[in-house]
Amino acid sequence: MRIDKFLWSIRYFKTRNIASTACKKGHIKINGITAKPGKEVFPMDEIIVRKNQIDYKLTVLDIPPSRVGAKLVDIYRKDTTPKEAFEHNELLQYSKDYYRKKGIGRPTKKDRRDIDDFLDSSPNSDKDNTVEPGNNSKEVKD
């Protein structure tokens, strides 16, 4: 069976065209070699699929006759993706949620408070050199 048809039939891609495009872009590897959409897949082949910034690792157990239901997918493939790949993706999501690109937009309320706290606690502040209203260094003589 072709690799694009296999990945479509075990529901890694919604359409066969999307699976074929992923192959053309080099996101699919069979036994460590980048695969074209027409590359044949055999049982016990190891497939690496790069999708959503995660490298899914699959082992082909059997070839399905056509597209299978979601409950039957485990008969045809074994997922050996390490958990670190999913954890790395979670960390990326958290980092994207909090930070914004430098120079884009106004500071948020939290950013503004952080800036004010930084400026107030800076060691070169002029707190010691401030002049109070009743404590002028020059005395006015009338």
Side-chain angles (χ1 to χ4, degrees), residues 1-140:
M1 179 180 276
R2 294 169 51 114
I3 183 66
D4 60 343
K5 188 173 182 181
F6 178 77
L7 291 172
W8 166 76
S9 65
I10 62 168
R11 298 183 172 268
Y12 265 83
F13 292 100
K14 190 173 182 178
T15 64
R16 189 167 164 191
N17 188 21
I18 296 171
S20 178
T21 305
C23 290
K24 289 175 185 173
K25 289 183 178 179
H27 295 220
I28 312 297
K29 294 184 180 183
I30 300 175
N31 297 326
I33 301 170
T34 303
K36 293 182 179 178
K39 175 78 172 158
E40 291 292 321
V41 178
F42 301 103
M44 301 312 296
D45 280 347
E46 291 189 12
I47 301 173
I48 298 174
V49 180
R50 176 105 174 137
K51 184 178 175 188
N52 299 330
Q53 295 184 341
I54 298 177
D55 289 330
Y56 294 97
K57 295 182 182 177
L58 313 171
T59 304
V60 179
L61 299 177
D62 197 11
I63 305 297
S66 63
R67 190 166 168 98
V68 296
K71 293 181 180 179
L72 303 176
V73 169
D74 289 333
I75 297 171
Y76 301 103
R77 60 107 173 129
K78 181 180 178 186
D79 192 0
T80 57
T81 307
K83 292 183 180 180
E84 291 84 28
F86 296 108
E87 293 169 359
H88 178 69
N89 196 27
E90 273 187 42
L91 290 175
L92 281 175
Q93 293 300 324
Y94 285 132
S95 67
K96 286 180 183 177
D97 288 342
Y98 180 72
Y99 293 105
R100 37 186 186 90
K101 292 183 180 177
K102 185 175 181 177
I104 293 182
R106 295 171 46 187
T108 62
K109 198 172 194 178
K110 183 182 183 322
D111 293 340
R112 188 81 217 148
R113 288 179 181 156
D114 291 342
I115 292 168
D116 290 342
D117 289 343
F118 176 75
L119 292 176
D120 288 343
S121 65
S122 65
N124 296 333
S125 65
D126 296 326
K127 289 182 180 179
D128 298 335
N129 299 334
T130 57
V131 178
E132 294 179 11
N135 223 356
N136 291 340
S137 59
K138 295 181 183 177
E139 293 186 21
V140 179

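- In this structure, the separation between OG1 on Thr21 and CZ on Arg16 is 12.0 Å, given to the nearest 0.5 Å.
- Residues in residues 37-58 take part in these salt bridge (charged side-chain N to carboxylate O under 4.0 Å, His left out) pairs, two or more places apart or across chains: Arg50-Asp55.
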Inset, instruction - Applying side chain to side chain contact (heavy atoms under 4.5 Å, CB included), run through Ile28 and Ile47 and close with a yes or a no. - result: CA-CA 7 Å; Ile28 312 297; Ile47 301 173; 4.2 Å; yes

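- Side-chain atoms of Arg11 come within 3.5 Å of backbone N or O of Val68 as a donor-acceptor pair.
- Checking side-chain atoms of Asp79 against main-chain N and O of Thr81 turns up a donor-acceptor pair under 3.5 Å.
- Across Phe6 and Tyr76, no two heavy atoms sit closer than the pair CZ-O, 4.0 Å.
- Nearest heavy atoms, Ile3 versus Cys23: CG2-SG, 3.8 Å.
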Inset, instruction - Take Leu58 and Val49, measure what side chain to side chain contact (heavy atoms under 4.5 Å, CB included) needs, and give me the verdict at the end. - result: CA-CA 8 Å; Leu58 313 171; Val49 180; 4.2 Å; yes

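- Looking at heavy atoms from C-beta onward, Lys29 lies in side-chain contact with Thr34 at the 4.5 angstrom threshold.
- When the salt bridge (charged side-chain N to carboxylate O under 4.0 Å, His left out) test is applied to Arg67, no partner is found at least two apart in sequence or on another chain.
- The pair Arg113-Asp117 fails the salt-bridge criterion, with no side-chain N (NZ, NE, NH1 or NH2) lying under 4.0 Å from an Asp/Glu carboxylate O.
- Residues Ser20 and Asn17 bring no donor and acceptor atom of their side chains to less than 3.5 Å of each other.
- Remark: Asp116 CG to Asp111 CG distance equals 11.0 Å, nearest 0.5 Å.
- Looking at Val60 and Phe42, their side chains never come closer than 4.5 Å, going by heavy atoms from C-beta outward.
- Looking at every heavy atom in both residues, Ile63 comes nearest to Met1 through CG2-CB, 3.6 Å.
- Note that OG1 of Thr108 is 7.5 Å distant from CG of Asp114, once rounded to the nearest 0.5 Å.
- Between Ile10 and the choices Trp8, Tyr12, Phe13, the side-chain contact (heavy atoms from CB on, under 4.5 Å) rule is met once, by Tyr12.
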